[in-house]
There are 2 protein chains.
Amino acid sequence: MPVTRHIPESTIRRISHYLRALEILESQEATTVSSEELAQRGGTTAAQVRKDLSHFGSFGKRGLGYSVAELADRLRDILGLKCRWRVVLVGAGRIGSALFEYPYFVQRGYDCVAVLDSDPEKIGMSWGPVRIRPVEELELVISSLKGDIVILAVPPEAAQDLADRAVEAGVRAILNFAPVQLRVPAEVHVTYVNLVLELEALSFAITQAGSRT
Amino acid sequence: MPVTRHIPESTIRRISHYLRALEILESQEATTVSSEELAQRGGTTAAQVRKDLSHFGSFGKRGLGYSVAELADRLRDILGLKCRWRVVLVGAGRIGSALFEYPYFVQRGYDCVAVLDSDPEKIGMSWGPVRIRPVEELELVISSLKGDIVILAVPPEAAQDLADRAVEAGVRAILNFAPVQLRVPAEVHVTYVNLVLELEALSFAITQAGSRT
DNA sequence: TCCTGTGAAACGGTTCACAGCC
DNA sequence: GGCTGTGAACCGTTTCACAGGA
């Protein structure tokens with residue numbers, strides 16, 4: 001693989017969509033697909049599809065399109081889906097529980113190898129094959145189970161401290177559900193899921209549209 | 001309010017962060033704040049704060065900064081948080097259940113007024129004051145309860161059809177948790193929460209960083 | 001002919017720098 | 001002097017348009 005320059009975040013998100021579309025095409029036993037069709041299924045434009053893919057190489061055949069199976073394979077490679085990832089879930093509340101059972105994680109290669117919580121009532125409970133452990137063991141769990149990704153599904157007050165500890169223990173990727181901006185070293189990647197913020201974006205949009213009349 | 005031009009989505013998201021920061025400042029009884037301080041707490045730059053706010057008017061005093069209480073009030077106004085929103089939750093699975101109990105929704109003015117599901121085992125169950133209703137009643141529920149926002153927490157196969165029906169029933173905002181791109185008329189606003197995609201962005205980032213050595 | 005891959009142009013958002021007001 | 005508000009410069013992403021290979 002050539003030394004990749006900086007790839008826009010937006011490109012990565014679209015690549016995920018393309019892969020999803022390709023998997024549907026695979027199940028329909030389509031063998032080739034054009035940038036045009038991929039664009040429609042991914043919710044973007046043909047030029048955008050080609051530009052996105054060009055960051056990573058030339059996977060298509062001129063005049064013909066892309067091989068569905070081959071492109072899907074390359075995209076899985078790009079997104080790092082060729083291996084299984086070890087996820088440590090911190091927070092066994094409602095959100096944590098929903099994520100633990102979320103079927104698409106396992107399907108995509110993300111295995112939740114441990115669950116931690118601070119609530120003595122929850123500690124020791126078994127969720128399937130996983131026993132809930134005290135949050136004090138975070139460092140131990142990360143290092144002994146070789147966790148790649150930490151999911152924080154905890155109250156906002158607790159998030160920064162837990163993030164610091166996870167980073168210290170060697171984690172380089174955090175998916176944060178707590179509605180706070182985390183401060184982490186530059187080499188650590190954080191993505192945010194802020195549920196209230198998404199609703200606020202909607203109520204803003206409705207309010208705006210309404211006031212235009 | 002002047003007829004607002006197009007406001008970048010990113011600005012709205014930052015405004016949400018500013019409001020969160022202002023509320024913390026309010027609780028600490030701070031009275032004024034500079035764009036510089038707001039930027040630090042919101043995870044951006046001072047110039048960006050000023051630019052973001054300038055889309056909506058001039059709320060600060062030169063040489064002095066912004067009044068915390070006044071700015072918070074204006075931002076609530078902008079985000080449409082001055083009223084309560086009526087949310088219809090479709091899907092009473094793990095995710096739906098977590099969202100229903102999510103405390104920050106109510107706190108911000110989003111009330112879940114109805115829950116629907118297609119599973120006969122769930123229909124009729126009571127979640128607090130709300131009884132789970134069959135998904136067939138979607139249109140009825142939206143019109144009788146005057147739903148403003150629909151949250152889709154359903155399997156991907158079901159999402160498009162439910163979105164169509166919700167739009168038909170008059171909903172103008174959808175928060176979609178199903179991992180599919182929805183096709184809706186331009187005047188309907190959709191925001192996506194795609195959990196797998198967030199993890200994929202992380203595994204891509206880790207893979208990239210690793211391969212650079 | 002068809003469709004990809006890619007420089008070049010266009011666009012939009014961010015950053016800069018400073019005028020203007022407290 | 002201090003800090004906001006904003007046009008202008010900058011920069012990264014998207015779109016265009018076409019060269020080039022199946």
May I have the list of side-chain donor-acceptor pairs in residues 88-99 of chain A shorter than 3.5 Å, sequence neighbours left out?
unit_1, atom_1, unit_2, atom_2, d
R94(A), NH1, S97(B), OG, 3.0
S97(A), OG, R94(B), NH1, 3.0

How many whole angstroms separate atom CD of E37(A) from atom P of dC3(C)? 11 Å
With a 3.5 Å cut-off and no angle check, do the side chains of Y110(B) and S203(A) form a donor-acceptor pair? yes
Check whether any side-chain nitrogen or oxygen of S54(A) sits under 4.0 Å from OP1 or OP2 of dG5(C), and answer yes or no. no
It should be established whether Y66(B) places a side-chain nitrogen or oxygen under 4.0 Å from OP1 or OP2 of nucleotide dG5(D). yes
What integer distance in Å separates L38(A):CG from dG5(C):C1'? 15 Å
Without placing hydrogens or testing angles, list every side-chain donor-acceptor pair under 3.5 Å for residues 59-67 of chain A, not counting sequence neighbours.
unit_1, atom_1, unit_2, atom_2, d
S67(A), OG, E70(A), N, 3.1

Between R108(A) and E23(A), the two heavy atoms sitting closest are NH2-OE1, 2.7 Å
Could you tell me the separation between the CD atom of E36(B) and the C1' atom of dT15(C), rounded to a whole number of Å? 14 Å
Residues R20(A) and E200(B) bridged, charged N to O under 4.0 Å: yes
In whole angstroms, the gap separating P of dT13(D) from CD1 of I15(A) amounts to 14 Å
Return no unless some side-chain N or O of T45(B) is found under 4.0 Å from OP1 or OP2 of dT15(C). yes
Using every non-hydrogen atom in the two residues, find where L202(B) and H189(A) come nearest and quote the distance to one decimal. CD2-O, 3.6 Å
Rounding to an integer number of Å, can you tell me how far H55(A) NE2 sits from dT4(C) C1'? 16 Å
What closest approach, in Å, do A159(A) and A178(A) show between heavy atoms, and which atom pair accounts for it? CB-CB, 3.6 Å
Produce a footprint string for nucleotides 17-22 of chain D: one letter per nucleotide, 5' end first; B if the base is under 4.0 Å from any protein heavy atom, S if only the sugar-phosphate is, - if neither. B-BBBS
Over how many whole Å does the gap from D52(B) atom CG to dT6(D) atom C1' extend? 13 Å
Residue pair A46(B)/K51(B) against DNA chain D: nearer the 5' end by closest nucleotide is A46(B)
Rounding to a whole Å, what distance do you find between L53(A):CG and dT14(D):C1'? 15 Å
Measuring to OP1 and OP2 of dT13(D), would you say a side-chain N or O of Q48(A) lies under 4.0 angstrom away? no
R14(A) side chain: which of dT14(D), dT14(C), dT15(D) is closest? dT14(D)
Atom CZ of R74(A) and atom P of dT4(C): how far apart are they, to the nearest Å? 17 Å
Within the pair S10(A) and dT13(D), is there a side-chain N or O less than 4.0 Å away from OP1 or OP2? no
